[in-house]
Number of protein chains: 2
Amino acid sequence: MAASSHRAAPEHTHPDEVPVPAALAALADPVRLTLVRELAGSADWSRSCGSFDVPVGKAALSHHFAVLRGAGLVEQRDEGPKRVNRLRRAEFDARFPGLLDLVLRGD
Amino acid sequence: MAASSHRAAPEHTHPDEVPVPAALAALADPVRLTLVRELAGSADWSRSCGSFDVPVGKAALSHHFAVLRGAGLVEQRDEGPKRVNRLRRAEFDARFPGLLDLVLRGD
DNA sequence: CCGAGTGTTCGATGAGAAGCATACACTCAT
DNA sequence: ATGAGTGTATGCTTCTCATCGAACACTCGG
């Protein structure tokens with residue numbers, strides 16, 4: 001059998017459908033900014049949601065990932081009991097050229 | 001005499017001192033986005049604060065300009081009874097390369 | 001000196017976002 | 001089957017931010 005998950009697949013939004021203010025708002029939060037940066041420094045699908053060092057409870061963390069998905073920044077896939085992540089670098093870059101580079105280059 | 005204004009000069013923040021989240025947050029608001037875009041299409045110092053077509057009262061408008069100043073996006077100067085504006089294109093671009101182009105290119 | 005025009009400040013209001021704690025759902029190893 | 005690990009959903013509190021109305025300050029032309 002193919003790997004069967006009875007869990008609801010997370011809803012994803014393609015960067016092309018993301019309005020400018022939504023993308024900016026998603027990246028304007030310090031916690032989400034940390035997530036994106038940490039994700040950029042890791043291999044695709046190598047990080048589960050709980051593996052990030054951010055000072056919020058897991059409920060808030062789950063919410064932040066939902067926002068990142070909605071902004072077309074992150075793709076998620078269920079892998080066993082964990083939900084692993086990937087930064088949608090190329091796609092997001094095509095829609096918002098330079099934006100990701102800018103926030104990753106940091107301060 | 002040199003033009004003397006007894007009015008308090010507006011406080012400006014140079015783009016270099018603006019943190020990434022602040023810049024993004026400033027541009028994430030639709031009203032401010034309109035202001036910046038409209039300002040980009042006008043000559044420097046040609047637009048007074050009240051000359052923008054945004055659906056908010058003047059109190060809110062004044063607040064938005066304060067935010068834009070604080071984000072290093074806009075420079076203001078008093079000219080008679082009016083306060084005229086300039087988009088700090090070059091300076092902001094040096095600090096956040098591509099960001100202004102991105103929000104101006106629109107959707 | 002007065003009044004029109006322009007912009008800021010203050011106080012209050014309402015909406016939205018972020019946070020937590022709890023309860024729930026799913027997967028996997030034992 | 002049971003329990004540990006992981007993430008989501010719900011309900012609630014709190015805080016921030018955008019907005020408005022009204023009052024105030026300044027400039028300039030009559």
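Protein chains get the first letters and strands the later ones, always in sequence-line order, with residue 1 at the start of each.
- For A:Leu61 and D:dA9, the CG to P distance is 13 Å, given to the nearest whole Å.
- Separating the NE2 atom of A:His63 from the P atom of C:dT22 is a distance of 21 Å, rounded to the nearest angstrom.
- Here the P atom of nucleotide C:dC26 and the CZ atom of A:Arg77 are 21 Å apart, to the nearest Å.
- The side chain of A:Arg32 contributes an N or O atom lying less than 4.0 Å from OP1 or OP2 of C:dA18.
- The interatomic distance linking B:Phe65 (CZ) with C:dG7 (P) rounds to 8 Å, in whole Å.
- In terms of position along DNA chain C, the nucleotide closest to A:Val67 lies nearer the 5' end than the nucleotide closest to the other residue of the pair A:Val67 and A:Lys58.
- The interatomic distance linking A:Arg47 (CZ) with D:dT6 (P) rounds to 13 Å, in whole Å.
- Here the nucleotide nearest the side chain of A:Ser62, chosen from D:dT8, C:dT8, D:dG5, is D:dT8.
- Look at B:Ser48 and you'll find a side-chain N or O under 4.0 angstrom from OP1 or OP2 of C:dG7.
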Review point. Taking it one step at a time, do B:Phe65 and B:Leu35 satisfy side-chain contact (heavy atoms from CB on, under 4.5 Å)?
Key: CA-CA 9 Å; B:Phe65 272 108; B:Leu35 295 178; 4.2 Å; yes
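- For A:Ala60, whose side chain is taken as the heavy atoms from C-beta onward, the closest listed nucleotide among C:dG19, C:dT27, D:dA22 is C:dG19.
- Counting only heavy atoms from C-beta on, B:Lys82 has its side chain closest to C:dT6 among D:dT8, C:dT6, D:dC20.
- Salt bridge status for B:Glu75 with B:Arg77: absent, with no side-chain N to carboxylate O gap under 4.0 Å.
- Taking the side chain of A:Val31 as heavy atoms from C-beta on, and the options D:dT19, C:dT8, C:dG19, the nearest nucleotide is C:dG19.
- One finds no side-chain N or O of B:Arg7 lying less than 4.0 angstrom from the OP1 or OP2 phosphate oxygen of D:dT27.
- In this structure, A:Glu11 places its CD atom 13 Å from C1' of D:dT8, rounding to the nearest Å.
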Exercise for review: Show the numbers, then the answer: is there a side-chain contact (heavy atoms from CB on, under 4.5 Å) between B:Val18 and B:Leu73?
Suggested key: CA-CA 10 Å; B:Val18 174; B:Leu73 276 160; over 6 Å; no
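- Here the nucleotide nearest the side chain of A:Pro81, chosen from C:dA18, D:dG5, D:dA22, is D:dG5.
- Residues A:Asp44 and A:Arg88 are not paired through a salt bridge, judged by the lack of any N-O separation under 4.0 Å between the basic side chain and the carboxylate.
- Whole-Å rounding puts the B:Asp78 CG to C:dT8 P distance at 8 Å.
- The separation between A:Gln76 atom CD and D:dG7 atom C1' is 10 Å, rounded to whole Å.
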Practice item. Step by step, work out the side-chain contact (heavy atoms from CB on, under 4.5 Å) result for B:Arg105 and B:Asp101. Key: CA-CA 6 Å; B:Arg105 215 171 297 283; B:Asp101 289 343; 3.9 Å; yes
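- Candidate nucleotides D:dA18, C:dT8, D:dG7 were compared by shortest atom distance to the side chain of B:Arg69, and C:dT8 ranks first.
- Across D:dT19, C:dA18, C:dG5, the shortest atom-to-atom separation from the side chain of B:His64 is found for D:dT19.
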